[in-house]
Amino acid sequence: MKLALTVHRARLGSTEFKVIRPARPLAHAVLIDRDRWLDAYLDQDAAQRIGALWAVAASSPRSLVHLSMRRNHAPVGREGGDSRRQLDLVMMHHSLQFSPSRWKELRNRLDRGRPRTVTLPWAEVPDGDGIDYQARHHRENRDLFHQHLHAETLFMTGSAPVFRDTVRHFLDVAQNGPGHALSHPGDSHYCSRFHGNDGTLGNARELHIQYCDDWDSASDGPPRATDVAAD
């Protein structure tokens, strides 16, 4: 799979940071803070591209991967689409040691970005059968996600292995969600979950990823007027 990106740069003091974004907006993607857990509603394209960006994050320890979603229209019938509860997403490695409190400053300093296309080696992404689930529960396991919330943005901080091992959640939704919705018109719910007991979450809440194909036509248009000044 080829993925179109833009790569942005900015300096904070003497340090230059690189921020990777999808070249095309994720129109049908919403991330909602439910207090005790997080909900993501995605169509097939969004699930596939976020999975690809998750893989990019796994192989980019010196970059932040930013997904702008908080201004998107929520899918039809999904409560909690209030802009105060919708979030952007940033993925980064522990080793980058970037403080989320500096995100708004960095975001405002980013240049216009340069286009880049990457080819993703899906063969290197493990499926469920290739993961050592038992090792995840060893006390020595440090391959865990930690979350922080700042400036209407969820920060998922982890290691290359934990990013790589969890790409499958998004690919599962992208590959199986549409078919399930067609064959179960009365019960189209299809989801995957970052579960608290699966050995990937440290100081982090569960993330529920649900396929959704019922999006209002307004979601294909510009951001909501009430959100234009959200930055």
Practice problem: Using the six-membered ring wherever Trp is involved, compare the ring planes of Trp103 and Phe155 and label them parallel, tilted or perpendicular (cut-offs 30° and 60°). | Solution: perpendicular
Exercise. Could you tell me whether the side chain of Gln210 and the main chain of Leu42 form a donor-acceptor pair under 3.5 Å?
Key: no
Quiz prompt | Single-linkage hydrophobic cluster Ile50~Met92, side-chain heavy atoms < 4.5 angstrom | solution = no
Quiz item: When clusters are formed by joining ILVMFWY residues with side-chain heavy atoms under 4.5 Å apart, either directly or through shared neighbours, do Phe17 and Ile20 land in the same one?
Solution: no
Exercise. Report yes if some heavy atom in the side chain of Leu89 is under 4.5 Å from a heavy atom in the side chain of Thr153; otherwise report no.
Key: no
Exercise. Please report the shortest heavy-atom distance between Pro75 and Tyr41, naming the atom on each side.
Key: CG-CB, 3.8 Å
Exercise. Give a yes or no answer on whether the side chain of His180 reaches the backbone of His189 with a donor-acceptor pair at less than 3.5 Å.
Key: yes
Exercise. Check the pair Glu206, Arg36 against side chain to side chain contact (heavy atoms under 4.5 Å, CB included), reporting the backbone distance first and the verdict last.
Key: CA-CA 8 Å; Glu206 292 188 351; Arg36 294 186 179 181; over 6 Å; no
Quiz item: In the single-linkage hydrophobic clustering (I, L, V, M, F, W, Y; side-chain heavy atoms under 4.5 Å), do Leu31 and Val19 co-cluster?
Solution: no
Self-check item: Whether over 12 other heavy atoms sit under 6.0 Å from Arg11 CZ
Solution: yes
Quiz item: Without hydrogens or angle criteria, can the side chains of His66 and Ser68 be said to hold a donor-acceptor pair below 3.5 Å?
Solution: no
Quiz item: So, Asp111 side chain and Arg9 main chain: donor-acceptor pair closer than 3.5 Å or not?
Solution: yes
Self-check item: Heavy-atom closest contact (Ala151 atom, Arg107 atom, distance)
Solution: O-NH1, 3.9 Å
Quiz item: Taking all non-hydrogen atoms of both residues, which atom of Ala29 and which atom of Ala46 are closest, and how far apart?
Solution: CB-CB, 3.9 Å
Quiz item: Considering all heavy atoms of both residues, which atom of Ala27 and which atom of Asn72 are nearest to each other, and what is their separation?
Solution: O-ND2, 3.5 Å
Exercise. Could you tell me the separation between the CG atom of Leu96 and the OG atom of Ser63, rounded to the nearest 0.5 Å?
Key: 8.0 Å
Practice problem: Side-chain contact test, heavy atoms from C-beta onward, threshold under 4.5 Å: evaluate it for Met156 versus Gln147 and give yes or no. | Solution: yes
Quiz prompt | Derivation of the ring-ring contact (aromatic ring centres under 6.0 Å, His included) call for Phe194 and His169 | solution = CA-CA 8 Å; Phe194 288 63; His169 291 295; 4.5 Å; yes
Quiz item: Of Val173, Asn176, Leu207, which is the lone residue that meets side chain to side chain contact (heavy atoms under 4.5 Å, CB included) with Ser192?
Solution: Val173
Self-check item: Close side-chain approach of Val90 and Leu154, heavy atoms under 4.5 Å
Solution: no
Practice problem: Evaluate the side-chain proximity of Leu67 to Leu26: yes if any heavy-atom separation is below 4.5 Å, no if none is. | Solution: yes
Quiz item: Do Arg70 and Glu152 meet the salt-bridge criterion of a basic N to acidic O distance under 4.0 Å?
Solution: no
Quiz item: Using the benzene-type ring in the case of Trp, are the ring centres of His93 and Phe163 under 6.0 Å apart?
Solution: yes
Quiz item: In Å and rounded to the nearest 0.5 Å, what is the CG to CG distance from Leu5 to Leu53?
Solution: 6.5 Å
Quiz prompt | Spacing of CG belonging to Asp43 relative to CG belonging to Asp214, to within rounding of 0.5 Å | solution = 11.5 Å
Self-check item: Side-chain heavy atoms of Leu12 within contact of Arg109, under 4.5 Å
Solution: yes
Practice problem: Using the side chain to side chain contact (heavy atoms under 4.5 Å, CB included) rule, take Leu144 and Leu201 through it: C-alpha gap first, then chi angles, then the decisive distance, then the call. | Solution: CA-CA 5 Å; Leu144 300 170; Leu201 300 180; over 6 Å; no
Quiz item: Given the rule that I, L, V, M, F, W and Y join up when any side-chain heavy atoms are under 4.5 Å apart, are Val162 and Ile209 in one cluster?
Solution: yes
Quiz item: Going from CG on Asp33 to CH2 on Trp37, what distance comes out if it is rounded to the nearest 0.5 angstrom?
Solution: 10.0 Å
Practice problem: Given side chain to side chain contact (heavy atoms under 4.5 Å, CB included), test His28 with Met69 step by step and report yes or no. | Solution: CA-CA 9 Å; His28 295 163; Met69 300 185 285; over 6 Å; no
Practice problem: May I ask you to decide whether Asp35 forms a salt bridge with Arg85, counting only side-chain N to carboxylate O separations under 4.0 Å? | Solution: yes
Quiz item: For the residue pair Gln44 and Tyr211, what are the closest heavy atoms and their distance?
Solution: N-CE1, 3.6 Å
Self-check item: Residues Asp39 and His208: side-chain donor-acceptor under 3.5 angstrom
Solution: yes
Exercise. Mind checking salt bridge (charged side-chain N to carboxylate O under 4.0 Å, His left out) for Arg24 and listing every partner two or more places apart, or none if nothing turns up?
Key: Asp45
Quiz prompt | Sub-4.5 Å side-chain heavy-atom contact between Arg205 and Arg34 | solution = no
Quiz item: Given the rule that I, L, V, M, F, W and Y join up when any side-chain heavy atoms are under 4.5 Å apart, are Val65 and Leu110 in one cluster?
Solution: no
Quiz prompt | Heavy-atom pair of closest approach, residues Leu3 and Ala52 | solution = CD2-CB, 3.8 Å
Practice problem: Give the C-alpha distance, both sets of side-chain angles, the deciding distance and a yes or no for side chain to side chain contact (heavy atoms under 4.5 Å, CB included) between Arg114 and Thr6. | Solution: CA-CA 5 Å; Arg114 295 184 177 183; Thr6 55; over 6 Å; no
Quiz prompt | CZ-OG1 distance between Phe98 and Thr157, expressed to the nearest 0.5 angstrom | solution = 10.0 Å
Quiz item: Heavy atoms, side chains only, cut-off 4.5 Å: are Met1 and Gln48 in contact?
Solution: yes
Quiz prompt | Backbone of Ala10 reached by a side-chain donor or acceptor of Glu16 within 3.5 Å | solution = no
Quiz item: Rounded to the nearest 0.5 Å, how far apart are CG of Leu87 and NE2 of His150?
Solution: 13.0 Å
Quiz item: Any side-chain heavy-atom pair from Val56 and Val118 closer than 4.5 angstrom?
Solution: yes
Exercise. Decide whether Tyr190 and Asp172 meet the rule of one side-chain donor and one side-chain acceptor closer than 3.5 Å.
Key: yes
